[in-house]
S.K.: 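Sending over a structure as structure tokens; questions will come in a sec.
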Amino acid sequence: MQRYKTKSLLTGRHRFLWVGILCLFGVAWLGAQEPQGGQPEKKKTRVDLLYADSAVADKEHRPDVQVLIGSVRLKHDSMYMWCDSALIFEKINSVEAFGNVRMEQGDTLFIYGDYLYYDGLAQLAMLRENVRMINRETVLTTDSLNYDRVMNLGYYFEGGTLQDTVNVLNSWWGEYSPATKMAVFNEDVELVNPRFVLTSDTLKYSTLTKVATILGPSDIVSDNNHIYSERGVYNTVTEQAELMDRSILTNQGRKLTGDSLFYDRVAGYGEAFSNVQLNDTVNRNMLTGDYCFYNELTGNAVATDRAVAVDYSQGDSLFMHADTLRLVTHNFDTDSVWREMRAYYKVRAWRSNVQAVCDSLVYISKDSCLTMYRDPILWSGAQQLLGEEIKVYMNDSTIDWAHIINQALAIEQMDSVHYNQVSGQEMMAYFRDGEMRQVDVNGSVLVIYYPIDEKDSTKIGMDYTEGGFLRMMLKDRKLERGAFIGKATGTMYPMDQIPPDKSRLPSFAWFDYVRPLSKEDIFNWRGKHADQVLKKTDRGPVVSPREMKIGRIEKK
């Protein structure tokens, strides 16, 4: 902070004198005019000398100046002034005071400094060096302060500090109103609180309510999080914030952004509204929507209103929409933390190589299992998988294997008329490098398959087979070979002799009309036709591949 030199004001005294003379001339001229509306003009009062140890006047050379020395006490209206010595300029009704300057107005406002120039006509006090302005429990300190008695406003312009019982505020320029308890700060603003630090370009602050109003680019930093905002209010006592204009709340790698934010630091939660993003930069996923709730103490979050979960941990992002997306964190802030993602209702997901729909789903990070409930369907290329329930097990954010439970159906579209089809009680689909490479079908297996002539790529016929267990091997998303394990019966039909009732399995349904077509299409819900909705069955005993001693193929 630059220190204002007293000498500069002393040498500029004649400048103040000329300004005062001009003001006096202007007042005299205005006094000669007819008052508007017939209202009498308020009479100007003079600065009165109440006491001084000695007074000297040079009537010949400076007849309008009194020199006061020792324990000087002055009064102007309701303002009292004390100093070691002073000059009174009678014609311009002004005072220049030196040493131990003190001003008092009522029993609530006290101003101290080393030097004072007081313009009695404008009722403007200009204090310099070691200035303190005290209004009850609020203290403003600076080296250059102007106090306007008419406006009841003090302002500094070369750096200052305002302190109350809660906060300390520093800035290069600032003003404070004792009447309204409001302060405004500009340039290099810093609000220091024991729990956080707020830095800003422009800030308004109430010493009565302890509420800071953000009017420019601002950062609020604590041990746990960081808030960025350009407009809003922050209550420094309750630590609640209402923020606008795409404000950002960052906490432990999670960034919450919205057109408007509400944040309660004590309760540990934030709410965002309109164009919301909750971005997890550590796990590389994101929640978006028009409303999002995040609890930083529990790690729980909820997104609604066009809610979308985006997983960008792989090169190709997965977009999933539902009416409501909920994140539940277990064992938070421990070494055994795990999370549960719940999506409901009308779930639709899209990625370039896989799409899905269902009524609801749950993903548990503890076992990396995603479970799809109620009419779930998966698509990958020309392949469609569905059942009553689908479990997808992940490995490092990629699909390891999927379990389709009850009324399992797999379809591969050959062309607009012909489909390879497999149905059974359950299916286990195994993946390698993101591609389905093996499918095991167990229980009441039915197969319709069209073998292809390798020479001319024509269909040889249609194979219809029934059995207890089927294993299929795939390559490049196409069936490479398949074999039944155990007893099986089947018939091969030439292409021109296929019975009409044999070209489709009893459970056949091609749901291409509900398939998400793009990441934008996930918002357009298209449910199954009423006559194609699965009726849930009582799940019978399901035998795992390990129990059957028939495992998945080994990765090579």
S.K.: Main chain of Leu505, side chain of Gln421: is a donor-acceptor contact present, judged purely on distance under 3.5 Å?
M.R.: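 Indeed, once roles are kept as given, a pair shorter than 3.5 Å links the two residues.
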S.K.: Are Tyr156 and Ser171 close enough, and set up right, to give a side chain to side chain donor-acceptor pair (under 3.5 Å), and what steps lead you there?
M.R.: CA-CA 9 Å; Tyr156 59 87; Ser171 68; 2.7 Å; yes
S.K.: With rounding to the nearest 0.5 Å, note down the distance linking CD in Gln413 to CD in Gln384.
M.R.: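 Answer rounded to 0.5 Å: 9.5 Å.
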S.K.: Using side chain to side chain contact (heavy atoms under 4.5 Å, CB included), reason through Val308 and Leu287 one step at a time and then give a plain yes or no.
M.R.: CA-CA 6 Å; Val308 177; Leu287 288 179; over 6 Å; no
S.K.: Can you confirm whether Leu370 sits close enough to Ile390 that some side-chain heavy atom of one is under 4.5 Å from a side-chain heavy atom of the other?
M.R.: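 No. Closest side-chain heavy atoms not under 4.5 Å.
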S.K.: When you compare the side chains of Tyr294 and Asn300, does any donor N or O come within less than 3.5 Å of an acceptor on the partner?
M.R.: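 Looking only at side-chain atoms, Asn300 and Tyr294 do not form any donor-acceptor pair under 3.5 Å.
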S.K.: Between atom CD of Gln355 and atom CG of Asn353, what is the distance when rounded to the nearest 0.5 Å?
M.R.: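 Rounded to the nearest 0.5 Å, the CD-CG separation comes to 7.5 Å.
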S.K.: Ignoring hydrogens, what is the shortest heavy-atom contact between Ser247 and Leu261? Give both atom names and the distance.
M.R.: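 Smallest interatomic distance, heavy atoms only, reads O-CD1, 3.3 Å.
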S.K.: Output all residues satisfying salt bridge (Lys or Arg N to Asp or Glu O under 4.0 Å) with Arg526, sequence neighbours left out; order by chain, then residue number.
M.R.: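 Per chain and number, Arg526 pairs via salt bridge (Lys or Arg N to Asp or Glu O under 4.0 Å) with Asp521.
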S.K.: Using 30° and 60° as the class limits, which term best fits the ring planes of Phe273 and Tyr291: parallel, tilted or perpendicular?
M.R.: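 Tilted, since the angle between the ring planes falls between 30° and 60°.
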S.K.: Taking side chain as C-beta onward, heavy atoms only, is Leu203 less than 4.5 Å from Ile214?
M.R.: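 Leu203 vs Ile214: side chains touch.
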S.K.: Are Asp290 and Arg306 close enough for a salt bridge, meaning some N to O gap below 4.0 Å?
M.R.: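 Not counted as a salt bridge, because no side-chain N and carboxylate O are separated by less than 4.0 Å.
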S.K.: Can a donor-acceptor pair be found, under 3.5 Å and without considering hydrogens, that links the side chain of Arg128 to the backbone of Leu145?
M.R.: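 It does hold such a pair.
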S.K.: Begin from the C-alpha positions of Phe293 and Tyr269 and carry the test ring-ring contact (aromatic ring centres under 6.0 Å, His included) through to its verdict.
M.R.: CA-CA 7 Å; Phe293 171 93; Tyr269 74 88; 5.4 Å; yes
S.K.: Spell out, as yes or no, whether a donor-acceptor pair under 3.5 Å connects the side chain of Arg195 to the backbone of Thr236.
M.R.: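 Yes, because the side chain of Arg195 sits within donor-acceptor range (under 3.5 Å) of the backbone of Thr236.
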S.K.: Examine Lys204 relative to Phe185 and say whether NZ or CZ is less than 6.0 Å from the centre of the six-membered ring and inside a 45° cone about the ring axis.
M.R.: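 No; the conditions do not both hold, so Lys204 does not lie above the ring face of Phe185.
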S.K.: Would you call Asp311 and Arg284 a salt bridge, using N to O less than 4.0 angstrom?
M.R.: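 The answer is no: the pair does not qualify as a salt bridge.
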S.K.: Is the side chain of Arg437 donor-acceptor paired with the backbone N or O of Leu474 at a distance under 3.5 Å, no angle test?
M.R.: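 It does hold such a pair.
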S.K.: Tell me if the CG atom of Asp335 is crowded by more than 12 foreign heavy atoms within 6.0 Å.
M.R.: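 Check fails, neighbour count at 12 or below.
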S.K.: Atom CG in Asn170, atom OG1 in Thr142: separation rounded to 0.5 Å?
M.R.: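 If I round to the nearest 0.5 Å, the distance is 11.0 Å.
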S.K.: Answer yes if the side chains of Tyr155 and Asp148 hold a donor-acceptor pair under 3.5 Å, and no otherwise.
M.R.: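 Judged by distance alone, the side chains do not pair up.
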S.K.: Working to the nearest 0.5 angstrom, can you tell me the gap between Asp400 CG and Met394 CE?
M.R.: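 It comes to 9.0 Å.
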S.K.: For the side chain of Ser380 and the backbone of Gln383, is there at least one donor-acceptor N/O pair under 3.5 Å apart?
M.R.: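 Pair absent, no side-chain N/O of Ser380 close to backbone of Gln383.
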S.K.: Side chains of Asn235 and Gln240: any donor to acceptor distance under 3.5 Å?
M.R.: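 Gln240 vs Asn235: no donor-acceptor pair found between side chains.
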S.K.: Kindly determine whether Arg339 and Asn331 satisfy side chain to side chain donor-acceptor pair (under 3.5 Å), including the steps that lead there.
M.R.: CA-CA 9 Å; Arg339 293 179 173 85; Asn331 303 328; over 6 Å; no
S.K.: Measure up the Tyr112 and Phe110 rings against each other and bin them: parallel (under 30°), tilted (30 to 60°), perpendicular (over 60°).
M.R.: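 Parallel.
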S.K.: Using the side chain to side chain contact (heavy atoms under 4.5 Å, CB included) rule, take Leu386 and Leu378 through it: C-alpha gap first, then chi angles, then the decisive distance, then the call.
M.R.: CA-CA 6 Å; Leu386 61 87; Leu378 281 172; over 6 Å; no
S.K.: Would a distance-only check, ignoring hydrogens and angles, find a side-chain to backbone donor-acceptor pair under 3.5 Å from Asp440 to Met472?
M.R.: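 No, the answer is negative, given that no donor and acceptor are paired below the 3.5 Å cut-off.
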S.K.: Quick check: do Phe508 and Ile448 have side-chain heavy atoms less than 4.5 Å from each other?
M.R.: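 Side chain of Phe508 against side chain of Ile448, heavy atoms only: no contact under 4.5 Å found.
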S.K.: Hey, does Thr257 have a side-chain heavy atom less than 4.5 Å from the side chain of Tyr228?
M.R.: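 A side-chain contact is absent here, since even the closest heavy-atom pair is not under 4.5 Å.
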S.K.: Got a second to check how far Gln407's CD is from Glu389's CD, nearest 0.5 Å?
M.R.: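 If we round to the nearest 0.5 Å, Gln407:CD and Glu389:CD are 12.5 Å apart.
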S.K.: For Glu242, look at atom CD and say whether over 12 heavy atoms of other residues, nucleotides or ligands are found less than 6.0 Å away.
M.R.: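 12 or below, so no.
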S.K.: Between Thr281 and Gly253 (side chain of the first, backbone of the second, donor and acceptor by atom type, cut-off under 3.5 Å), is there such a pair?
M.R.: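 Judged by distance alone, yes, a pair lies under 3.5 Å.
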S.K.: Would you call Arg254 and Asp280 a salt bridge, taking side-chain N to carboxylate O under 4.0 Å as the test?
M.R.: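 So Arg254 pairs with Asp280 through a salt bridge.
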S.K.: Would one find more than 12 heavy atoms of other residues, nucleotides or ligands at under 6.0 Å from atom NZ of Lys210?
M.R.: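 Atom NZ in Lys210 is crowded, with more than 12 foreign heavy atoms closer than 6.0 Å.
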S.K.: Under a 3.5 Å distance rule, please check whether Ser200 uses its side chain to pair with a backbone N or O of Val189 as donor and acceptor.
M.R.: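 Such a contact is absent between Ser200 side chain and Val189 backbone.
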S.K.: Can you list the steps and then say if Asp201 with Glu230 is a side chain to side chain contact (heavy atoms under 4.5 Å, CB included)?
M.R.: CA-CA 9 Å; Asp201 174 71; Glu230 296 183 5; over 6 Å; no
S.K.: Please determine which of Leu243, Thr209, Val211 meets the side-chain contact (heavy atoms from CB on, under 4.5 Å) test together with Val233.
M.R.: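 Among Leu243, Thr209, Val211, the one meeting side-chain contact (heavy atoms from CB on, under 4.5 Å) with Val233 is Val211.
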S.K.: Would you please say whether a donor-acceptor pair under 3.5 Å links the side chains of Tyr263 and Glu296?
M.R.: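 Indeed, the side chains of Tyr263 and Glu296 share at least one donor-acceptor pair under 3.5 Å.
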S.K.: Starting at CG of Asp164, measure out to OH of Tyr176 and round the result to the nearest 0.5 Å.
M.R.: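 One finds 8.5 Å between CG of Asp164 and OH of Tyr176.
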S.K.: Please test Lys528 against Asp375 for salt bridge (Lys or Arg N to Asp or Glu O under 4.0 Å), starting from the C-alpha separation and ending with a verdict.
M.R.: CA-CA 8 Å; Lys528 293 179 178 180; Asp375 290 322; 3.2 Å; yes
S.K.: Is the distance between the ring centroids of Trp401 and Tyr430 under 6.0 Å?
M.R.: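 Distance test on ring centres: under 6.0 Å, yes.
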S.K.: Determine, stepwise, if the pair Ser444 / Gln425 fulfils side chain to side chain donor-acceptor pair (under 3.5 Å).
M.R.: CA-CA 6 Å; Ser444 304; Gln425 185 179 354; 5.8 Å; no
S.K.: Pairs in or reaching into residues 305-331: which pass ring-ring contact (aromatic ring centres under 6.0 Å, His included), with residues at least two apart or in two chains?
M.R.: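 Qualifying pairs, neighbours excluded: His321-Phe523, His330-Trp338.
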S.K.: Checking side chain to side chain contact (heavy atoms under 4.5 Å, CB included) for the pair Leu198/Asn193: CA distance, chi angles, key distance, verdict?
M.R.: CA-CA 8 Å; Leu198 188 161; Asn193 183 282; over 6 Å; no
S.K.: Would the number of heavy atoms belonging to other residues, nucleotides or ligands and lying under 6.0 Å from CZ of Arg246 be above 12?
M.R.: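 Counting other residues, nucleotides and ligands, CZ of Arg246 exceeds 12 neighbours.
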S.K.: For the OH atom on Tyr345, are there more than 12 heavy atoms of other groups (residues, nucleotides or ligands in this structure) within a distance under 6.0 Å?
M.R.: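 Counting neighbours around OH of Tyr345, 12 or fewer heavy atoms of other residues, nucleotides or ligands fall under 6.0 Å, so no.
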S.K.: Quick one: do Lys346 and Asp359 make a salt bridge, cutoff under 4.0 Å?
M.R.: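 So Lys346 does not pair with Asp359 through a salt bridge.
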S.K.: Applying side-chain contact (heavy atoms from CB on, under 4.5 Å) between Gln163 and each of Thr138, Leu140, Thr207, Val168, report the one that passes.
M.R.: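 For Gln163, the side-chain contact (heavy atoms from CB on, under 4.5 Å) check succeeds only for Val168.
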S.K.: Is the side chain of Tyr513 donor-acceptor paired with the backbone N or O of His529 at a distance under 3.5 Å, no angle test?
M.R.: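 Pair found, side chain donor or acceptor close to backbone of His529.
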S.K.: Please assess Lys391 against Thr371 for the test side chain to side chain donor-acceptor pair (under 3.5 Å), listing each intermediate value before the final yes or no.
M.R.: CA-CA 4 Å; Lys391 290 182 176 290; Thr371 305; 3.1 Å; yes
